[in-house]
Amino acid sequence: MADVAPHDDQRRFVAALGARYLLLSTRSEVWTSLAVYAGETVVGHVMWGVDDDGSHWIGGMLIDAAEQNRGVGRATVRTLAAWLAAREGNPPVRLSYHPDNVHAAALYTSLGFHPTGAMDDDELIAELLTPTRS
């Protein structure tokens with residue numbers, strides 16, 4: 001999982017290697033790292049965490065360049081978001097992305113995430129809108 005890497009032009013939006021996210025999650029009480037598999041092979045990384053306000057976050061998603069455009073990222077976000085939303089108390093599920101990352105914006109919007117208008121550093125915050133939360 002540590003050597004998973006994006007396309008070169010994506011490195012301004014995500015870490016150059018999954019190892020950075022792994023290190024962050026081992027040194028933080030907030031983030032939990034998960035490997036993303038395609039069959040028996042690790043093809044990506046994603047993290048989830050719980051903020052002080054109880055919201056649940058998806059972060060640090062990185063799909064290896066060779067595995068992109070195969071639906072792996074979509075399946076990862078869809079599965080993790082559903083799992084987080086179903087947790088006790090039906091917490092809000094959020095993520096963030098750089099405004100210039102049009103591919104991420106399109107993916108997240110298609111999965112039901114909508115910008116909240118808030119920013120985290122230089123990233124837009126989006127929240128999953130579900131039938132029970134509008």
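All of these numbers come straight from a predicted model, not from anything done at the bench. Numbering of residues begins at 1 and proceeds along the displayed sequence.
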Roughly how far, to the nearest 0.5 Å, is the [atom2] atom of [Y] from the [atom1] atom of [X]?
{"X": "Asp100", "Y": "His103", "atom1": "CG", "atom2": "NE2", "answer": "11.5 Å"}
{"X": "Asp121", "Y": "His98", "atom1": "CG", "atom2": "NE2", "answer": "10.5 Å"}
{"X": "Leu95", "Y": "Asp120", "atom1": "CG", "atom2": "CG", "answer": "11.5 Å"}
{"X": "Asn90", "Y": "Leu84", "atom1": "CG", "atom2": "CG", "answer": "11.0 Å"}

> Sequence neighbours excluded, which residues qualify as side-chain hydrogen bond (donor to acceptor under 3.5 Å, both in side chains) partners of Arg78?
Replying inline: none
> For Ser96, what residues pass the side-chain hydrogen bond (donor to acceptor under 3.5 Å, both in side chains) criterion, not counting sequence neighbours?
Replying inline: Glu123
Distance-minimising heavy-atom pair for [X] and [Y]:
{"X": "Pro91", "Y": "Gly54", "result": "CB-O, 3.5 Å"}
{"X": "Ala85", "Y": "Leu128", "result": "CB-CD2, 4.5 Å"}
{"X": "His114", "Y": "Leu129", "result": "CD2-CD1, 3.2 Å"}
{"X": "His45", "Y": "Val36", "result": "N-CG2, 3.8 Å"}
{"X": "Ile63", "Y": "Gln68", "result": "O-NE2, 2.9 Å"}
{"X": "Val72", "Y": "Glu67", "result": "CG2-O, 4.1 Å"}

>> Between Trp31 and Ser33, do the side chains contain a donor N or O and an acceptor N or O under 3.5 Å apart?
In response: no
>> Please check this pair: side chain of Ser110 against backbone of Leu107, looking for a donor-acceptor N/O pair closer than 3.5 Å.
In response: yes
> Taking Phe113 as the fixed residue, which of Leu124, Ile58, Ile125 is the one that meets the side-chain contact (heavy atoms from CB on, under 4.5 Å) rule?
Replying inline: Ile58
>> According to ring pair (Phe, Tyr, Trp, His ring centres under 6.0 Å), does anything in residues 62-97 pair up with another residue at least two apart or in another chain? List the pairs.
In response: Trp48-Trp83, Tyr97-Tyr108
> Can you name the salt bridge (Lys or Arg N to Asp or Glu O under 4.0 Å) partners of Asp53, sequence neighbours left out?
Replying inline: Arg94
> Excluding sequence neighbours, so at least two apart, what forms salt bridge (Lys or Arg N to Asp or Glu O under 4.0 Å) with Arg74?
Replying inline: none
> What residues form a side chain to side chain contact (heavy atoms under 4.5 Å, CB included) with Ala75, not counting sequence neighbours?
Replying inline: none
>> Going by salt bridge (Lys or Arg N to Asp or Glu O under 4.0 Å), name the pairs with one or both residues in residues 40-52, residues two or more places apart or in two chains.
In response: none
